[in-house]
Amino acid sequence: MTTDTPTDVFEEHRPVLMGVAYRMLGRVADAEDVVQEAWLRWSAADRAEVREPRAYLVRVTTRLAIDRLRQVKARGEAYVGPWLPEPYITDFGDTVPDTAERAVLADSVSLAVLVVLESLSPVERAVFVLREAFGYPHADIAAMLDRSEPAVRQLAGRARRHVDERRSRYEVDPAQRRELTERFLAAAAEGDLAGLMEMLAPDVRLIGDSGGKSKAPLRILETADNVGRFLVAVAGKGIPEMSFRFLELNGGPAVLILSGDMPDSVFQVDVSAGRIRSVYIVRNPDKLRSLASA
């Protein structure tokens with residue numbers, strides 16, 4: 001006999017629900033809204049009819065996220081400059097002890113993957129997230145989405161091919177990635193162009209997201225020379241009362257730059273063959289609010 005309250009049950013599954021909602025939406029505030037709505041549905045449900053609370057809650061959260069994503073796409077809002085997902089703290093801690101499972105979860109929430117997921121339909125994205133990130137069988141996903149199992153298999157295969165075709169696979173070596181991130185931070189802060197060039201791959205890309213609300217490149221920068229010179233120029237301008245801290249964001253090491261007590265920017269790198277292949281910089285203040293107390 002269980003004595004768990006409805007709140008206890010919901011809180012037990014909240015991390016999974018937030019993980020599903022964020023991967024679906026790429027926005028922390030939207031994901032939190034969806035999870036809150038799932039709580040309202042759960043608190044009003046006839047729980048005597050719910051045999052598996054986790055499956056019920058994931059189904060509700062997924063459907064709410066699909067509806068929210070459809071609304072966003074229907075608005076068709078123009079975004080100024082390149083778009084990146086809102087940075088999301090992902091400290092798996094002891095909740096995911098298996099190395100392989102941690103790697104899958106980290107990859108599924110990476111900036112590179114989330115950017116590609118933006119080009120999927122809401123239902124394709126839901127199938128991809130539930131299958132690839134959380135390992136749900138096709139039959140369970142079909143039940144959650146009111147689709148046939150063959151249809152879900154087809155959607156899963158199409159989404160997987162789409163993601164594989166449109167993103168580069170980088171080595172996932174946390175220690176090397178952290179070490180290069182630290183060296184990159186030091187060289188960029190010092191305006192050390194030679195040091196940066198040693199770390200940057202010749203075809204490196206820099207993607208900056210400002211949403212038109214702060215200074216960042218309005219197009220993707222390519223080649224080591226262009227990226228390195230841009231970073232040196234930025235370092236020369238400086239940031240008032242600058243400090244920084246390391247965080248685990250989107251499944252990997254990242255740096256939060258602060259101006260006084262306020263988040264100024266986040267940067268993260270992707271690494272392959274000992275070189276930095278991608279640099280991500282988020283400066284849109286709307287996407288940094290959730291990190292103010294990080």
Side-chain angles (χ1 to χ4, degrees), residues 78-87 110-116 118 166-247 249-260 262-288 291:
Y79 196 80
V80 178
W83 179 92
L84 288 173
E86 184 176 347
S110 69
L111 297 180
V113 167
L114 290 177
V115 167
V116 175
E118 283 291 298
R166 287 165 175 77
R167 65 127 179 179
S168 300
R169 284 192 172 274
Y170 299 118
E171 298 169 4
V172 182
D173 183 338
Q176 184 187 57
R177 196 175 176 194
R178 170 67 184 243
E179 187 264 339
L180 270 173
T181 299
E182 292 176 348
R183 287 173 52 202
F184 176 83
L185 173 63
E190 294 169 5
D192 179 4
L193 181 58
L196 286 170
M197 295 298 286
E198 289 179 0
M199 288 179 273
L200 299 174
D203 58 350
V204 65
R205 302 167 80 237
L206 184 147
I207 304 98
D209 179 334
S210 70
K213 298 180 179 182
S214 60
K215 292 184 178 180
L218 294 179
R219 60 182 178 82
I220 296 173
L221 300 184
E222 298 181 328
T223 78
D225 185 65
N226 286 334
V227 171
R229 293 185 183 281
F230 168 78
L231 292 169
V232 168
V234 169
K237 295 177 182 178
I239 296 173
E241 301 180 63
M242 188 185 77
S243 62
F244 65 89
R245 65 185 63 152
F246 283 90
L247 299 172
L249 299 175
N250 295 84
V255 178
L256 171 63
I257 306 293
L258 299 160
S259 178
M262 297 300 297
D264 174 86
S265 53
V266 160
F267 82 76
Q268 189 173 56
V269 301
D270 279 333
V271 175
S272 179
R275 292 287 190 95
I276 293 172
R277 304 300 301 271
S278 298
V279 180
Y280 304 100
I281 301 176
V282 180
R283 298 206 69 214
N284 185 337
D286 295 340
K287 296 184 177 183
L288 300 175
L291 300 178

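- Of all heavy-atom pairs between G211 and N284, the closest is CA-ND2, 3.8 Å.
- Atom-to-atom distance recorded for E86:CD and L111:CG is 11.5 Å, nearest 0.5 angstrom.
- The salt bridge (Lys or Arg N to Asp or Glu O under 4.0 Å) check on D264 picks up R283, with sequence neighbours excluded.
- Here the closest heavy-atom approach between residue G274 and residue Q176 is recorded as CA-NE2, 3.6 Å.
- With respect to V266, the side chain to side chain contact (heavy atoms under 4.5 Å, CB included) criterion is satisfied by exactly one of I257, I281, L288: L288.
- Between the CD1 atom in I207 and the CD atom in E222 there is a gap of 9.0 Å [rounded to 0.5 Å].
- The two residues P217 and L206 have their closest heavy-atom pair at CG-CD2, 4.0 Å.
- Looking only at distances, a side-chain donor or acceptor of Q268 sits under 3.5 Å from a matching main-chain atom of P253.
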Any chance you could lay out the side-chain hydrogen bond (donor to acceptor under 3.5 Å, both in side chains) test for Y280 and D209, step after step, and finish with the verdict?
CA-CA 8 Å; Y280 304 100; D209 179 334; over 6 Å; no
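- Here the closest non-hydrogen pair linking D270 and A112 is OD2-CB, 4.2 Å.
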Would you give me the side-chain donor-acceptor pairs under 3.5 Å for residues 179-188, sequence neighbours excluded?
unit_1	atom_1	unit_2	atom_2	d
E179	OE2	R183	NH1	3.4
T181	OG1	R177	O	2.7
E182	OE2	R178	NE	2.7
E182	OE2	R178	NH2	3.3

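- For A216, the side-chain contact (heavy atoms from CB on, under 4.5 Å) test picks out S210, with sequence neighbours left out.
- Of all heavy-atom pairs spanning L114 and P85, the tightest one is CB-CG, 3.4 Å.
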List, one per line, each side-chain donor-acceptor pair under 3.5 Å for residues 189-196, sequence neighbours excluded.
unit_1	atom_1	unit_2	atom_2	d
D192	OD1	A194	N	3.4
D192	OD1	G195	N	2.9

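- Evaluation of the side-chain contact (heavy atoms from CB on, under 4.5 Å) rule for P202 yields R275 as partners, not counting sequence neighbours.
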In a table with atom names and distances, give each donor-acceptor pair under 3.5 Å that connects a side chain of residues 227-242 to protein atoms at least two apart or in another chain.
unit_1	atom_1	unit_2	atom_2	d
R229	NE	D225	OD1	2.9
R229	NE	D225	OD2	3.4

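- The minimum heavy-atom distance between P263 and L256, with the atom names listed, is CB-CD1, 3.9 Å.
- The CZ atom of R205 sits 4.0 Å away from atom CD1 of I220, with the distance rounded to the nearest 0.5 Å.
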